[in-house]
Amino acid sequence: LGQITAIYGVLQDISEQLAQEENLRQTKERLEQSQLFSNIGNWNWDINSSNMFFSAQASPMFGVNSRDMNRSFDHFIRQVHPDDMQSVVSAISRCTELAESYNIELRVIWPDDSIHWLHQQGDVVRDVDGVAIRMIGVVQDITERKNKESELQLFKQIIESSSQAIMVADHIGQLIYANPA
């Protein structure tokens, strides 16, 4: 009585599963590193639930770290600069309704009220009936490039103004020389 008469067990080789998990971990790490090096993040919007996912690299482009990122479409849209709101809404509508790719430059307002430029590209994932169910894409901070473009535009205006002033001065000089008093 009370003696063990048999032990049954099941052994399963999980080495293939462990190798797949390691491969997945390495793939995720490579993706995160490439996004970090290229200053690109990714996002995914579930249209039905309005939930959004932002990669760890995307969150700082909205002025927050990934732990503090509110993951809703409404929060994203509230961060869009008011002057860019209509363009963003139109681009999203054209993408979801007309199957145009989403490709837009927009300004976002960070929690500290600073304004930053982003470039977003994406497209829609549709169900078997062709209904848009998700939008996925990438985002890149282009603030530095936009600031340099603004500086170049200002320098161009200064040069054009200077050039016009020189032409006017030259014209006045010619008038004075041609009509001495």
Side-chain angles (χ1 to χ4, degrees), residues 20-157 159-160:
Q20 289 174 349
E21 289 174 2
E22 177 60 18
N23 186 37
L24 182 61
R25 186 195 65 73
Q26 288 178 4
T27 300
K28 181 182 177 192
E29 185 177 300
R30 283 191 295 271
L31 174 64
E32 289 174 353
Q33 288 297 316
S34 64
Q35 287 185 1
L36 182 64
F37 294 144
S38 61
N39 191 33
I40 293 177
N42 64 298
W43 51 268
N44 187 327
W45 171 37
D46 180 329
I47 295 171
N48 294 324
S49 71
S50 194
N51 291 330
M52 292 190 83
F53 163 81
F54 294 91
S55 69
Q57 292 76 16
S59 299
M61 295 180 203
F62 292 89
V64 296
N65 65 45
S66 57
R67 291 185 315 272
D68 297 334
M69 188 72 169
N70 186 323
R71 301 190 190 279
S72 75
F73 179 77
D74 292 336
H75 185 264
F76 159 73
I77 210 72
R78 281 194 306 271
Q79 280 193 273
V80 173
H81 191 281
D83 293 344
D84 298 338
M85 183 68 68
Q86 186 57 46
S87 297
V88 172
V89 171
S90 293
I92 291 169
S93 293
R94 287 191 313 274
C95 185
T96 57
E97 296 168 17
L98 304 175
E100 291 182 17
S101 64
Y102 179 72
N103 188 347
I104 190 167
E105 292 181 354
L106 66 139
R107 290 167 288 181
V108 291
I109 303 171
W110 282 15
D112 67 1
D113 291 328
S114 61
I115 296 173
H116 298 262
W117 280 93
L118 302 178
H119 177 229
Q120 291 189 330
Q121 289 180 272
D123 213 340
V124 169
V125 175
R126 298 181 185 283
D127 66 13
V128 294
D129 298 320
V131 176
I133 56 172
R134 284 186 335 176
M135 234 178 125
I136 57 174
V138 294
V139 59
Q140 186 172 32
D141 187 326
I142 59 168
T143 304
E144 187 176 330
R145 186 193 84 195
K146 294 300 265 186
N147 288 342
K148 286 181 181 178
E149 286 175 4
S150 293
E151 288 174 9
L152 286 173
Q153 185 63 30
L154 178 61
F155 290 143
K156 181 181 174 186
Q157 291 172 353
I159 289 169
E160 287 173 357

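Reckoned from all heavy atoms, side chains included, excluding hydrogens, waters and symmetry mates.
Scanning all heavy atoms of the two residues, the minimum distance from G41 to S55 falls at CA-OG, 3.4 Å. Of all the heavy atoms in M52 and F76, the pair that sits closest is SD-CB, 3.7 Å. Pairing each heavy atom of M61 with each of V108, the nearest pair is O-CG2, 4.0 Å. W45 and S50 make their closest contact through NE1-CA, 3.6 Å (heavy atoms, listed as atom of the first residue, atom of the second, distance).
With L106 as the fixed residue, the side chain to side chain contact (heavy atoms under 4.5 Å, CB included) test singles out one of Q120, H116, M85: Q120.
With salt bridges taken as basic N to acidic carboxylate O contacts below 4.0 Å, none links E21 and R25. Classification of R145 and E105 as a salt-bridged pair holds, one side-chain N sitting under 4.0 Å from a carboxylate O.
No side-chain donor-acceptor contact under 3.5 Å links S101 and D123. In this model, a donor atom of one side chain and an acceptor atom of the other lie less than 3.5 Å apart for D141 and T143.
To the nearest 0.5 angstrom, Q79 atom CD is 13.0 Å from D84 atom CG. Taking CG of D46 as the start and CZ of F53 as the end, the distance is 13.5 Å to the nearest 0.5 Å. We find the CD-CZ distance between E100 and R94 to be 5.5 Å, quoted to the nearest 0.5 Å. Taking CH2 of W110 as the start and CD1 of I115 as the end, the distance is 12.0 Å to the nearest 0.5 Å. Atoms CZ and CZ, on F73 and R78 in that order, are 11.0 Å from each other to the nearest 0.5 Å.
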Please set out all donor-acceptor pairs under 3.5 angstrom arising from side-chain atoms of residues 124-138, sequence neighbours excluded.
| unit_1 | atom_1 | unit_2 | atom_2 | d |
| --- | --- | --- | --- | --- |
| R126 | NH1 | T96 | O | 3.1 |
| R126 | NH1 | G130 | O | 3.2 |
| R126 | NH2 | C95 | O | 3.2 |
| R126 | NH2 | T96 | O | 3.0 |
| D127 | OD1 | D129 | N | 2.9 |
| D127 | OD1 | G130 | N | 3.1 |
| D127 | OD1 | V131 | N | 2.9 |

Original post:
Which is it for F54 and W43 under the ring pair (Phe, Tyr, Trp, His ring centres under 6.0 Å) test, yes or no, and what are the steps along the way?
Top reply: CA-CA 4 Å; F54 294 91; W43 51 268; 7.6 Å; no

Subject >> Derivation of the side-chain hydrogen bond (donor to acceptor under 3.5 Å, both in side chains) call for N51 and S49 >> reply: CA-CA 5 Å; N51 291 330; S49 71; 3.2 Å; yes

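Side-chain contact between V88 and I104 is present, with heavy atoms from C-beta onward closer than 4.5 Å. Counting heavy atoms from C-beta on, the side chains of P82 and I109 come closer than 4.5 Å.
Within a 6.0 Å radius of CD in E144, other residues, nucleotides and ligands contribute 12 heavy atoms or fewer.
Under the rule for a ring-ring contact (aromatic ring centres under 6.0 Å, His included), H119 has no partner lying at least two apart in sequence or in another chain.
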